[in-house]
Amino acid sequence: MPIPTELVGSLPRPEKLQNAYQDLDDGKITWADLQALQDEAAEDSIKRLEATGEPIVTDGEQRESSFATYPITDTLAGTGLADNLAGDGQFFAIFDDGHHRQLPRLTGGPFRYKTFASEFVEKNRKIATHDVKQAVIAPSMLMLLYPLEGEIEGYSRDQFLADLCDEVEKDIRQCFAAGAVRVSVDFTEGRLANKNDARNPWTGRNMLQDFIDLNNQVFDRFSPEERRNIGIHTCPGGDNDSVHSKDVPYEKLLSKMFEINAGYFLIQCASEDDKEEVYRLCGKYSRDDANGVAQVCFMGVINPLTPEVETAEQVKNDLLTAAKHIPVERLGATDDCGFSPFSRDLKPKHGSPDFARDVAMQKISARLEGTRMASEELGV
């Protein structure tokens, strides 16, 4: 079997769609107006991905406020916020260029999603001729909705976490029921949990093990056969061409992350200074038996944060090196991160989100060809 390859999820949203999100916040257009532009961008994303030969496609998250907030708000500014939430929550991340992203704050219970990712799958299946995947958010991210200190009167932390795990499980199951062949769970907060940034208090709480344990509460509700197609994605962030935790030693995460009983992992690597060390760590810590499923390491061979397009030869060589450390039957290829995880992302290093959208397709094409070349050379 050739080396499998898969994209993480998001693609740059066209500038007119990004402007439409702002127009909705400003009351200049209706929700139906925004949805029409989302649908247009989603169809274009799917058709362009299929033209590259991408075997499993998505809509590039064109219909989502962000990878993290799609279940609970229609826009990043809080238009369409779900019940029992306020807009003044803690920072999720402070990025290296100085900008930040903020989460809502839970004010009471029960916690319920207002939007499930299966809605996107259903729409995408009607457009796509290839198989469809869907990225969903991890419970470990959404646990940050609950205040760090104290408890909400009438709604304990334990009750919130129980409700949260139920909603995440439902999100995943409904995606498969809607026709997704793969579901990947975004876990960018994993590396950030080791940052200990005084400006962002949760990062100093040593929460990585809590994150892993909570995620496993969801993963362990699925059979080994189901978990073969449920993945975990990790990266040091990617927003406005900036990162939030690349300065954190990677081994602090990789030595623990594979405790999550996922069947596969989408692992940022192309932008690392020492890629071979990342391959070694993944080979060392990934498991050939994670409660009944072998863990496949999809190594990042494309950097979405730069406009320079990797060559297929570069991709091939990276995968050949990775195969020295990771069994080839447990090796895959991916992009380091989603190309634009938040709905308002001007892609400053690229010059514009529209140009970044074109570049993304070129990069994906290079990944596909380089993976084919590596498979051929490795005889798989």
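Values below: every heavy atom of this structure, side chains too, minus hydrogens, waters and symmetry copies.
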Chi angles and distances behind the salt bridge (charged side-chain N to carboxylate O under 4.0 Å, His left out) call for E122, R125: CA-CA 5 Å; E122 289 169 0; R125 288 282 295 135; over 6 Å; no

Verify salt bridge (charged side-chain N to carboxylate O under 4.0 Å, His left out) between D131 and R182, making sure each step is shown before the conclusion. CA-CA 9 Å; D131 285 337; R182 305 273 273 185; over 6 Å; no

Between D59 and N124, does the side-chain hydrogen bond (donor to acceptor under 3.5 Å, both in side chains) criterion hold? Intermediate values first, please. CA-CA 7 Å; D59 63 10; N124 297 340; 3.3 Å; yes

Could you go step by step and tell me if D247 and R191 meet the salt bridge (charged side-chain N to carboxylate O under 4.0 Å, His left out) rule? CA-CA 9 Å; D247 54 335; R191 194 164 179 181; over 6 Å; no

Steps toward side-chain hydrogen bond (donor to acceptor under 3.5 Å, both in side chains) verdict (T69, T73): CA-CA 6 Å; T69 58; T73 185; over 6 Å; no

Verify salt bridge (charged side-chain N to carboxylate O under 4.0 Å, His left out) between K47 and E43, making sure each step is shown before the conclusion. CA-CA 6 Å; K47 289 182 175 178; E43 182 169 359; 2.8 Å; yes

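Residues P55 and L368 meet the side-chain proximity criterion, which asks for heavy atoms closer than 4.5 Å. The shortest side-chain heavy-atom distance between I172 and V185 falls under the 4.5 Å cut-off. Side chains of I127 and K123 form no contact here, defined as non-hydrogen atoms less than 4.5 Å apart. Side-chain contact between I94 and H244: absent, with no pair of heavy atoms (C-beta onward) separated by less than 4.5 Å. For the pair D335/R367, a side-chain contact is recorded, criterion being any heavy-atom separation below 4.5 Å from C-beta on. Here the side chains of P236 and V248 are not in contact, with every heavy-atom distance at 4.5 Å or above. Taking 4.5 Å as the limit, every side-chain heavy atom of M141 sits out of range of all side-chain heavy atoms of F187. Residues L266 and T234 have side chains not in contact (no heavy-atom distance under 4.5 Å, counting atoms from C-beta outward).
When only modelled atom types and interatomic distance are considered, E61 and T58 share no side-chain donor-acceptor pair under 3.5 Å. Looking only at atom types and distance, the side chain of D74 has no donor-acceptor partner in the side chain of T79 under 3.5 Å away. Between the side chains of D96 and S242, not a single donor N or O lies within less than 3.5 Å of an accepting N or O. Between the side chains of Q18 and Q22, no donor-acceptor pair is found at a separation under 3.5 Å. No side-chain N or O of D318 forms a donor-acceptor pair with one of Q314 less than 3.5 Å apart.
Look at D39 and R63 and you find a salt bridge, because one of the NZ, NE, NH1 or NH2 atoms lies within 4.0 Å of a carboxylate O, short of that distance. Using a cutoff of 4.0 Å between basic side-chain nitrogens and carboxylate oxygens, K170 and E167 are not scored as salt-bridged. With respect to the salt-bridge test (charged N to carboxylate O, under 4.0 angstrom), the residues R221 and D166 qualify. Under 4.0 Å is where a charged nitrogen must lie from a carboxylate oxygen, and between D354 and K16 no such pair does. Ion pairing between R112 and D83 fails under the 4.0 Å rule for side-chain N and carboxylate O. Under a 4.0 Å N-O distance rule, the pair R173/E169 qualifies as a salt bridge. Of the charged side-chain nitrogens involved, none lies within less than 4.0 Å of a carboxylate oxygen, so that K275 and E272 do not count as a salt-bridged pair. Using a cut-off of 4.0 Å between Lys/Arg side-chain N and Asp/Glu carboxylate O, E313 and K316 are scored as salt-bridged. Using a cut-off of 4.0 Å between Lys/Arg side-chain N and Asp/Glu carboxylate O, R205 and E149 are scored as salt-bridged.
Checked by atom type and distance alone, the side chain of S10 pairs as donor or acceptor with a backbone atom of S340 at under 3.5 Å. The backbone N or O of F92 lies less than 3.5 Å from a partner atom in the side chain of N200, making a donor-acceptor pair. Side-chain atoms of R157 come within 3.5 Å of backbone atoms of P147 as a donor-acceptor pair (strictly under, hydrogens ignored). For K133 (side chain) and V8 (main-chain N/O), a donor-acceptor pair under 3.5 Å exists by modelled atom type. Between the side chain of N84 and the backbone N or O of P110 there is at least one donor-acceptor pair closer than 3.5 Å. For the pair Y146 (side chain) and I152 (backbone), a donor-acceptor distance under 3.5 Å is present. In this structure, E50 contributes its side chain and H130 its backbone to a donor-acceptor pair below 3.5 Å. A side-chain donor-acceptor contact under 3.5 Å links R357 to the backbone of P12. Put simply, the side chain of T334 gets close to the backbone of E6: a donor and an acceptor are under 3.5 Å apart. The main-chain N or O of I260 is found under 3.5 Å from a side-chain atom of Q295 such that the two form a donor-acceptor pair.
Annotation: F265 is not in aromatic contact with F298 [ring centroid separation under 6.0 Å not met]. In summary, the aromatic rings of Y21 and W31 are positioned with their centroids too far apart to meet the 6.0 Å limit. Taking the six-membered ring for Trp and the full ring otherwise, the centers of F342 and F67 sit less than 6.0 Å from each other. Between Y285 and F258, the distance separating the two ring centers is not shorter than 6.0 angstrom.
Scanning all heavy atoms of the two residues, the minimum distance from S286 to R330 falls at OG-NH1, 3.1 Å. Across F219 and N261, no two heavy atoms sit closer than the pair CD2-O, 3.8 Å. Residues V293 and G263 share a closest heavy-atom pair of CG2-CA, 3.8 Å. For the pair A117 and Q134, the tightest heavy-atom approach, listed with the atom from each and the gap, is CB-CG, 3.7 Å. Here the closest heavy-atom approach between residue V121 and residue C175 is recorded as CG1-O, 3.9 Å.
Taking the six-membered ring where the residue is Trp, F211 and W202 present tilted rings, their angle falling between 30° and 60°.
With N240 as the fixed residue, the side-chain contact (heavy atoms from CB on, under 4.5 Å) test singles out one of H99, K349, K347: H99.
Annotation: cation-pi pair R199/F91 absent, no NZ/CZ under 6.0 Å from the ring centroid and within 45° of its normal.
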